[in-house]
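Note sheet for the following structure.
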Protein chains: 2
Amino acid sequence: MTKAGSDIPDIADQLATLRSSSLTSVVEKEIERLILSGALPPGERLNEFQLAARFGTSRGPLREAMRSLHAKGYVEVVRNKGVFVRKIPIEEALEIYDLRSALFGLAGRLLADRLTDEMLIRLKEYLDLMDEIAAAGDFERYYPTNLEFHAYLVESAGNRTLVKEYRSFVHRLHLCRQRTLVQAKGLYVSNHEHREMIDALASGNENRAHEAFFRHVQRAKQRFLSTFDETAKAQATKAD
Amino acid sequence: MTKAGSDIPDIADQLATLRSSSLTSVVEKEIERLILSGALPPGERLNEFQLAARFGTSRGPLREAMRSLHAKGYVEVVRNKGVFVRKIPIEEALEIYDLRSALFGLAGRLLADRLTDEMLIRLKEYLDLMDEIAAAGDFERYYPTNLEFHAYLVESAGNRTLVKEYRSFVHRLHLCRQRTLVQAKGLYVSNHEHREMIDALASGNENRAHEAFFRHVQRAKQRFLSTFDETAKAQATKAD
DNA sequence: GCGGTTTCGACTGTCGACGATTATCTAGGG
DNA sequence: CCCTAGATAATCGTCGACAGTCGAAACCGC
């Protein structure tokens with residue numbers, strides 16, 4: 001039983017990762033996971049000695065992993081003080097939303113030229129599924145499905161570099177504290193925008209697809225901004 | 001004499017850089033410079049011992065710099081073999097051109113909302129200057145001026161993250177071998193496109209500005225592709 | 001002479017240790 | 001009582017060394 005099925009690929013994958021560049025890579029991915037999952041919250045200090053002990057390695061590979069994470073924009077390095085999980089201020093989050101919009105818009109533009117019948121069918125299945133989930137008010141299921149839908153769109157655009165960069169932006173957006181609030185807000189609204197996007201794709205009009213995709217993220221940015229303003233107001237009220 | 005004047009800022013600057021995060025950062029920037037300048041051509045292997053000796057440090061900081069350069073997409077790491085300056089294949093270069101288009105388009109869109117009279121004046125000065133240089137057939141001056149013009153546009157969009165990412169893409173594009181050919185081709189043509197871009201900005205129409213900016217890079221992509229095809233043909237002929 | 005094998009060299013991966021810097025705690029003076 | 005200065009501890013920056021791995025040249029058998 002243990003030989004067949006789902007746990008084999010995991011082992012093979014881990015081994016491949018270990019072979020490809022070993023400790024540093026493994027450590028880096030693990031820390032990245034911890035950061036994105038929220039186990040290492042923004043502002044948290046990453047103690048080299050402590051983490052090295054945790055992973056059972058020396059500080060060398062750890063420092064290399066830190067450097068990589070720094071270059072990717074996940075952590076901040078302060079000389080003689082240590083590295084910290086980046087706190088992304090609201091202004092930068094808005095900047096990233098704009099960049100994400102541009103990249104997502106590009107995905108739409110590229111997709112309009114590549115859309116196959118099978119893809120269209122699958123996309124419409126996603127739409128129906130999300131309508132269903134939204135109608136049931138199942139937040140827990142909507143969010144990952146929504147994420148999967150967007151990932152499928154970007155990955156189908158046929159531009160690998162785009163996929164990497166887009167992911168990078170989405171991940172960085174997770175380092176903003178308001179994240180949890182954003183998720184719960186305006187999900188019902190978004191599926192209507194999704195239909196507009198798919199319609200635009202189906203029309204084969206690059207510019208129309210671009211605009212639909214671009215505006216979708218721009219609206220997400222607005223929702224993000226409004227929840228931020230609300231919490232700011234709430235905190236102001238609370239402070240009274 | 002040695003105390004006064006131009007060499008003092010250099011020392012101060014070096015010291016500041018050394019204080020901020022020291023060896024690793026210095027080494028990283030130097031290697032990045034060597035790569036972008038072409039002193040370390042794509043495919044070149046980066047020997048840790050050699051480079052460490054060259055910079056007068058041990059291998060530790062060097063390896064960290066390598067990791068950072070890897071995360072930034074400048075080098076490729078092969079376990080137990082070493083790191084190599086990335087060879088960007090033509091397909092990936094085209095992908096990056098699309099991303100650059102999207103980001104530059106965003107810059108145009110943002111600029112259309114922020115354009116001041118002073119900026120417009122400065123931009124028109126750039127246009128006239130480049131017309132002049134182009135008329136004189138001075139390639140050597142046109143290229144850096146053109147680069148400066150584009151940098152000014154992106155930096156004026158008011159999005160710091162955009163500036164970083166845009167630069168990253170431009171730099172990566174330098175790792176494609178065809179670079180030198182691209183530079184010399186179609187420079188006269190481009191200033192006409194520049195005027196279109198500035199006109200679009202002046203109109204204050206976001207979408208129009210976006211399209212003008214986006215298409216400008218798309219045309220550069222086409223020029224790049226055509227020079228590549230030509231050299232491919234030339235090589236095919238040569239092979240006969 | 002040629003293919004396979006073995007040995008050798010170079011280089012990377014990893015580690016532990018030393019020196020330097022910063023933060024913290026405590027003691028003394030105002 | 002507060003503030004400042006010194007000492008101590010924690011932690012980062014850097015280095016040199018050892019072990020594992022890959023490639024290449026030399027060697028041997030056919």
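Keep in mind the model is a prediction, meaning the values are calculated, not measured. A, B, ... follow the sequence lines: proteins, then strands. Residue 1 opens every chain.
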Starting at CZ of A:F84 and ending at P of C:dT22, how long is that distance when rounded to a whole Å? 13 Å
How would you list, by chain and number, every residue that makes a side chain to side chain donor-acceptor pair (under 3.5 Å) with B:E165, sequence neighbours excluded? A:R172
Taking only side-chain nitrogens and oxygens of B:N80, does any of them come within less than 4.0 Å of OP1 or OP2 of C:dC11? no
Rounded to the Å, how far apart are B:L46 CG and C:dT12 P? 9 Å
Grab the CZ-P distance between B:R67 and D:dG13 for me, whole Å please. 18 Å
What is the distance from CG of B:N47 to P of D:dC22, rounded to the nearest Å? 18 Å
Round to a whole Å and report the spacing from CG of B:L23 to C1' of D:dT14. 8 Å
Within less than 4.0 Å of OP1 or OP2 of D:dC22, is there a side-chain N or O belonging to B:R45? no
Would you be so kind as to tabulate the donor-acceptor pairs closer than 3.5 Å made by side chains of residues 151-158 of chain A, with sequence neighbours excluded?
{"residue": "A:E155", "atom": "OE2", "partner": "A:R167", "partner atom": "NH2", "Å": "2.9"}
{"residue": "A:S156", "atom": "OG", "partner": "A:Y152", "partner atom": "O", "Å": "2.6"}

How many Å lie between CD on B:E28 and P on D:dG13, as a whole number? 14 Å
Specify the residues of residues 48-66 of chain A, ordered by number, for which at least one heavy atom lies under 4.0 angstrom from an atom of DNA chain D. A:E48, A:R59, A:R63
If we count only N and O atoms by modelled type, under 3.5 Å, do the side chains of A:Y126 and A:E148 hold a donor and an acceptor together? yes
With sequence neighbours excluded, what pairs up with B:R100 under the salt bridge (charged side-chain N to carboxylate O under 4.0 Å, His left out) test? none
Measure from CZ on A:R79 to C1' on C:dA20 and round the result to the nearest Å. 9 Å
Taking only residues two or more places apart in sequence, or in another chain, which ones meet B:F214 in a ring pair (Phe, Tyr, Trp, His ring centres under 6.0 Å)? B:H210
Counterpart residues, side-chain contact (heavy atoms from CB on, under 4.5 Å), relative to B:R54 (two or more places apart): B:L34, B:L51
